[in-house]
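Here is the structure we will look at.
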Amino acid sequence: NSDGRGTTDRSPEKRVETISFSKEDLSGSVDVFELNETPEYAPELDDDQPFVTGFVIDVNSGLTDESATLTATIPSEQVEAAGADADELVVLHLHNGEYEQLETNVEGDGDITVAAETPGFSTFIIATGEQVEESDNTTSDSNETAGGSDDTDSGSDDTAGGSDNT
């Protein structure tokens, strides 16, 4: 369902609550498939990076590369069962066969709400990782540099559940 302002509200039983497009006056359909594990076409997560949940978000071809903010709610029991710490949750966007970690906001005492802005649509994994902060990674009067890690493995099976058209 669209509210006419570029926001799609999801039904309460779905984990993806909203998809808010950056541009207004967009139209099309959105299909969300929930994943129970990392899909076989995606790299495996690191051993210390538990899979919490995932989604494949299909949109019309005209919306594939539109930026939007995704908001999902995950029961705290699901986070705990995955062996994850809610404060360390991140949204990973599968793009060109690699994960792109999106800047992720995490809130909640009980059910956990994660929100992340994405530059486009495909497969998203919620796992743990170091929070990415947009910053000027320079230091003055120091030889230190900021760096990061982008380790991924390959292969796994995928399981996708139903589809919702909105």
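The basis for the numbers below is simple: all heavy atoms, side chains too, and nothing from hydrogens, waters or symmetry mates.
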Looking at every heavy atom in both [X] and [Y], which two are closest together, and how far apart are they?
{"X": "Ala86", "Y": "Val106", "result": "O-CG1, 3.2 Å"}
{"X": "Gly83", "Y": "Pro50", "result": "O-CG, 3.9 Å"}
{"X": "Ala68", "Y": "Phe21", "result": "CB-CA, 3.7 Å"}
{"X": "Gln101", "Y": "Val90", "result": "NE2-CG1, 3.6 Å"}
{"X": "Val79", "Y": "Asp85", "result": "CG1-C, 4.4 Å"}
{"X": "Ala127", "Y": "Leu45", "result": "CB-CD1, 4.0 Å"}

Can you tell me how far the [atom1] atom of [X] sits from the [atom2] atom of [Y], to the nearest 0.5 Å?
{"X": "Glu44", "Y": "Phe51", "atom1": "CD", "atom2": "CZ", "answer": "12.5 Å"}
{"X": "Ile112", "Y": "Asp87", "atom1": "CD1", "atom2": "CG", "answer": "8.0 Å"}
{"X": "Leu92", "Y": "Ile126", "atom1": "CG", "atom2": "CD1", "answer": "9.0 Å"}

Within residues 55-80 or reaching into it, pairs that qualify as ring-ring contact (aromatic ring centres under 6.0 Å, His included) - sequence neighbours excluded: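 Pairs touching residues 55-80 that pass the test: none.
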Pairs of donor and acceptor atoms involving the side chains of residues 115-124, under 3.5 Å and at least two apart or interchain, shall be tabulated with distances.
| from | atom 1 | to | atom 2 | distance (Å) |
| --- | --- | --- | --- | --- |
| Thr118 | OG1 | Gly120 | N | 3.3 |
| Thr118 | OG1 | Gly120 | O | 2.6 |
| Ser122 | OG | His93 | NE2 | 3.1 |
| Ser122 | OG | Leu94 | O | 2.6 |
| Thr123 | OG1 | Tyr41 | OH | 2.7 |

[X] (side chain) donor-acceptor with [Y] (main chain) under 3.5 angstrom:
{"X": "Thr104", "Y": "Leu102", "answer": "yes"}
{"X": "Asn60", "Y": "Ser29", "answer": "yes"}
{"X": "Asp46", "Y": "Asp48", "answer": "no"}

State, yes or no, whether a side-chain contact exists between [X] and [Y] at a heavy-atom distance under 4.5 Å.
{"X": "Asp31", "Y": "Phe33", "value": "yes"}
{"X": "Leu26", "Y": "Leu63", "value": "yes"}
{"X": "Asn105", "Y": "Val114", "value": "no"}
{"X": "Ile57", "Y": "Val30", "value": "yes"}

Residues in side-chain contact (heavy atoms from CB on, under 4.5 Å) contact with Thr113, at least two apart in sequence or another chain: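 Once residues adjacent in sequence are excluded, the partners of Thr113 under the side-chain contact (heavy atoms from CB on, under 4.5 Å) criterion are Thr71, Thr73.
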Worked check of side chain to side chain contact (heavy atoms under 4.5 Å, CB included) between Val32 and Val56: CA-CA 6 Å; Val32 177; Val56 176; over 6 Å; no
Return the set of residues passing side-chain hydrogen bond (donor to acceptor under 3.5 Å, both in side chains) with [X] (not counting sequence neighbours), or none when no residue passes.
{"X": "Asp111", "result": "none"}
{"X": "Ser76", "result": "none"}
{"X": "Gln78", "result": "Arg15"}

